[in-house]
Amino acid sequence: MTRRDELAANLAAVEERIASACADAGRQRDEITLIVVTKTYPHSDAELLRDLGVTDIGENRHPEAESKVTDGLRLHFVGGLQTNKAGAVTRYADVVQSVDRPKLARSLSRGAEAAGREVECLVQVDFQEGADAGRAGVAPDGILALADEIASLGALTLRGLMTVAPLGADPRPVFDRLMELSADLRRQHPGATVVSAGMSDDFEHAVAAGATHLRVGRSVLGERPPAR
Ligand SMILES: *Cc1c(COP(=O)(O)O)cnc(C)c1O
């Protein structure tokens with residue numbers, strides 16, 4: 001089997017899971033954007049995915065992300081981002097999903113402005129409590145202030161919310177809460193309609209909750225080597 005055949009088969013299986021989750025939830029497939037997370041995989045896989053009809057890829061590290069830039073694919077940066085790398089990322093990312101502090105937002109805006117680009121941003125929300133809290137993402141009560149900051153910056157467009165469900169916990173209450181927070185946010189920022197949630201192991205629950213964007217890596221590309 002060629003790599004193209006393997007990716008095509010995996011993609012078809014993921015599409016079948018999405019279709020079935022949509023049917024269960026009474027949703028239409030075209031309400032949902034599949035982002036294939038290509039981190040650790042070669043650029044040639046991104047090109048094959050594009051040829052198979054994928055429109056969006058996700059990456060979590062600079063400069064690896066830059067090496068996956070591909071004609072015809074929108075690139076979503078989904079990883080933790082140091083302020084000093086923000087400018088570099090704005091030169092190629094279409095969307096930064098992991099905005100979690102005002103200082104990062106301001107650096108992204110300066111970078112985008114310098115590059116003459118408009119970068120879409122999601123506020124990353126963190127639902128961990130206790131010792132794990134705040135590793136990546138803002139707590140729910142910090143969403144609005146950060147969203148206001150992003151919306152006020154000329155080169156950034158506020159598009160919505162993103163979360164990574166806490167490891168090993170039932171993701172359903174988290175995704176439901178994210179949808180409520182999205183409704184709250186849209187009262188102030190009607191254009192912030194994106195809800196990015198759901199990965200290989202839990203995306204059916206994200207579809208059920210109402211997510212608009214799924215970020216799926218391993219189910220399409222295969223298991224990544226450990227320690228990433
Ligand atoms: C790697 C990654 C994904 C995809 O995870 P899989 O389990 O491979 O589907 C989604 N979101 C983020 C932020 C990631 O880093």
Side-chain angles (χ1 to χ4, degrees), residues 3 6-7 9-18 20-21 32-43 45-46 48-49 52 54-68 73-82 85-86 89 93-101 104 108 119-128 132-138 159-172 174-175 178 182 194-209 211-228:
R3 180 63 169 158
E6 189 180 351
L7 292 175
N10 291 347
L11 206 51
V14 166
E15 281 295 343
E16 215 164 287
R17 286 173 60 190
I18 296 173
S20 147
I32 294 166
T33 301
L34 171 66
I35 301 165
V36 179
V37 180
T38 45
K39 66 189 183 199
T40 77
Y41 284 93
H43 183 242
D45 280 354
L48 290 171
L49 289 166
L52 291 166
V54 168
T55 56
D56 293 71
I57 59 169
E59 283 288 328
N60 72 337
R61 288 186 184 197
H62 178 78
E64 182 192 347
E66 188 168 20
S67 75
K68 306 293 171 64
L73 286 177
R74 277 163 61 78
L75 193 144
H76 300 248
F77 194 90
V78 301
L81 187 50
Q82 292 169 331
K85 292 183 181 166
V89 169
D94 298 290
V95 186
V96 176
Q97 297 207 352
S98 45
V99 183
D100 62 357
R101 55 199 193 279
L104 176 59
L108 288 167
V119 174
E120 299 183 14
C121 292
L122 306 185
V123 171
Q124 182 172 353
V125 184
D126 174 38
F127 291 96
Q128 307 267 8
D132 280 342
R135 279 188 158 169
V138 290
R159 292 287 285 124
L161 301 179
M162 177 273 234
T163 201
V164 178
L167 212 67
D170 181 354
R172 285 173 291 187
V174 167
F175 294 157
L178 188 69
S182 168
V194 170
V195 179
S196 172
M199 311 185 4
S200 287
D201 293 333
D202 61 13
F203 68 74
E204 283 94 343
H205 294 312
V207 172
T212 64
H213 288 61
L214 313 176
R215 308 179 309 269
V216 178
R218 291 169 296 131
S219 294
V220 175
L221 291 145
E223 292 297 326
R224 291 179 293 272
R228 279 293 293 218

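Counting starts at 1 for both ligands and their atoms, following the listed order. Position 1 is the first residue of the sequence, and the numbers go up from there. The structure presented is a predicted model; accordingly, all values stated were derived computationally and were not measured.
In this view, His205 satisfies the ring-ring contact (aromatic ring centres under 6.0 Å, His included) rule with no residue, not counting sequence neighbours. In this structure Arg101 satisfies the salt bridge (Lys or Arg N to Asp or Glu O under 4.0 Å) test with no other residue, sequence neighbours excluded.
The closest donor-acceptor contact from the side chain of Ser98 to the backbone of Gly79 lies under 3.5 Å.
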Taking only distance into account, with no hydrogens and no angle test, what donor-acceptor pairs under 3.5 Å do side-chain atoms of residues 164-171 form with protein atoms, sequence neighbours excluded?
unit_1 : atom_1 : unit_2 : atom_2 : d
Asp170 : OD1    : Arg172 : N      : 3.0
Asp170 : OD1    : Arg172 : NE     : 3.2
Asp170 : OD2    : Arg172 : NE     : 3.4
Asp170 : OD2    : Arg172 : NH2    : 3.3

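For the pair Arg61 and Glu64, the salt-bridge criterion is not met [side-chain N within less than 4.0 Å of a carboxylate O].
A donor and an acceptor atom, one from each side chain of His76 and Asp56, are located under 3.5 Å apart.
Listed by chain and number, Val37, Lys39, Val78, Val164, Met199, Ser200, Arg215, Val216, Gly217, Arg218, Arg224 each place a non-hydrogen atom less than 4.0 angstrom from ligand 1.
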